K.L.:
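Input: one structure, supplied below.
All values derive from a computational prediction rather than experimental measurement. Throughout, residue positions are numbered sequentially from 1 according to the sequence presented.
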Amino acid sequence: MEKFRAVLDLHLKHHSALGYGLVTLLTAGGERIFSTVVFQCPCSATWNLPYGLVFLLVPALALFLLGYMLSARTWRLLTGCCAPSARGCCRSGLRGYLVCAQLSAAAALAPLTWVAVALLGGAFYECAASGSAAFARRLCRGRHSSCAGELPLVPCHQAKASDVQDLLKDLKAQSQVLGWILIAVVIIVLLIFTSVSRCLSPVSFLQLKFWKIYLEQEQQILKSKATEHATELAKENVKCFFEGSRPKECNTPSIKEWQQISSLYTFNPKDQYYSLLHKYVNKKEKTHSIRSTEGDTVIPILGFVDSTGINSTPGL
């Protein structure tokens, strides 16, 4: 039991890192399966280039879009945005662009992993490059006269000239070098972004820890209370339906109140609110609104506030 508790505590403390690690492993494993089982280079001057690029880039695009779909922030930003009553919702200006940039950066993890692992394997790149006329002119310089015509056959080991078949090693080396360069660039950019966002953080390290603990507790209590309230409301409605009686008054938040706590979070140094719900209950009696005021800004390191919800993953 103690070991199970320790594993659970580790998951709660590092669930984001574990989630990213799992996505990376699944993406890398999926690429290996595709390259060994599904992918078969046609070894044709016409099809090599499009076939190789499709396997290299289309799954990456699909993973990128899937990253958007699985992000709670995406649906927090879009849900109700185009409704007639949502005036100005879609015109959030710089705030919306910053959130989209953060969403894109998070969604890019899986596709970049796919491309990097594919380049390290080399199969997709070898196939695509061997079908490119530009690559053929550069690689076949000073080689056999039939090099350009036989280059598309190299991935299938069907080139008759031995010096042309040896170009497979060059293509594999180029692919792997590009793969390691991509990995290095991603790590450097991630390190710079993380360092800069931490450096510009308006709150201290320990306050960030407290903030995340507060959000976890708030969401657990919110989900429990919402479940309890929804159950009572459903029971009352079903009871009245079968008994033909009038329902008891049940106080449920209005559409406007739900919208107030479902918008994008902005930080204001004048007020210390840890969530939109926290901000709403404190400003309700004063202004009946939590609209953006002067000084409200989107802080990249506080993006985790928008990632929370009654459910951690959106229902599609």
K.L.:
Kindly say whether Tyr265 contributes a backbone atom to a donor-acceptor pair with the side chain of Asp306 at under 3.5 angstrom?
P.N.:
yes
K.L.:
Does the plane of the ring in Tyr273 sit parallel, tilted or perpendicular to the ring in His278? Use 30° and 60° as the thresholds.
P.N.:
perpendicular
K.L.:
With rounding to the nearest 0.5 Å, note down the distance linking CG in Leu215 to CG in Leu222.
P.N.:
11.5 Å
K.L.:
Hydrogens and angles aside, do Tyr214 and Glu216 bring a side-chain donor and acceptor to less than 3.5 Å of each other?
P.N.:
no
K.L.:
Gln165 side chain to Val154 main-chain N or O, any donor-acceptor pair under 3.5 Å?
P.N.:
yes
K.L.:
Would you say the side-chain atoms of Trp114 pair up with the backbone N or O of Leu63, donor to acceptor, closer than 3.5 Å?
P.N.:
no
K.L.:
Report yes if the SG atoms of Cys156 and Cys41 are separated by under 2.5 Å, and no otherwise.
P.N.:
no
K.L.:
Counting distance only, does the side-chain N/O of Thr79 pair as donor-acceptor with the main-chain N or O of Arg76 below 3.5 Å?
P.N.:
no
K.L.:
Test your reading of the model: is there a side-chain donor-acceptor pair from Thr74 to the backbone of Met69, 3.5 Å cut-off?
P.N.:
no
K.L.:
Give a yes or no on whether the backbone of Leu120 and the side-chain of Gln176 come within a donor-acceptor separation of less than 3.5 Å.
P.N.:
yes
K.L.:
Indicate the atoms forming the closest heavy-atom contact of Cys140 with Leu167, along with that distance.
P.N.:
SG-CD1, 4.5 Å
K.L.:
What do you reckon, is CD of Gln40 surrounded by more than 12 foreign heavy atoms closer than 6.0 Å?
P.N.:
no
K.L.:
Check for me whether the distance between the ring centres of Tyr274 and Phe210 falls short of 6.0 Å.
P.N.:
yes
K.L.:
Kindly confirm or rule out a cation-pi arrangement of Lys172 over Tyr125, judged by NZ or CZ under 6.0 Å from the six-membered ring centre and within 45° of its axis?
P.N.:
no
K.L.:
Return yes if some donor-acceptor pair links the side-chain N/O of Lys239 with the main-chain N/O of Pro247 below 3.5 Å, else return no.
P.N.:
no
K.L.:
side-chain contact (heavy atoms from CB on, under 4.5 Å) between Gln220 and Ser224: does it pass, once the steps are laid out?
P.N.:
CA-CA 6 Å; Gln220 290 177 10; Ser224 175; over 6 Å; no
K.L.:
Distance-only, no hydrogens or angles: does the Ser175 side chain make a donor-acceptor pair with backbone N or O of Leu171 under 3.5 Å?
P.N.:
no
K.L.:
Using modelled atom types and a 3.5 Å cut-off, is there a donor and acceptor pairing between side-chain atoms of Ser195 and backbone atoms of Leu191?
P.N.:
yes
K.L.:
Looking only at side chains, do Ser104 and Tyr68 share a donor and an acceptor under 3.5 Å apart?
P.N.:
yes
K.L.:
Ile299 and Leu200: side-chain contact (heavy atoms from CB on, under 4.5 Å), yes or no, with the steps?
P.N.:
CA-CA 8 Å; Ile299 307 295; Leu200 298 176; over 6 Å; no
K.L.:
I'd like to know if the side chain of Glu150 and the backbone of Cys147 have a donor-acceptor N/O pair within less than 3.5 Å.
P.N.:
no
K.L.:
Which heavy-atom pair separates Asn48 from Ser130 by the least distance, and what is that distance?
P.N.:
ND2-OG, 2.9 Å
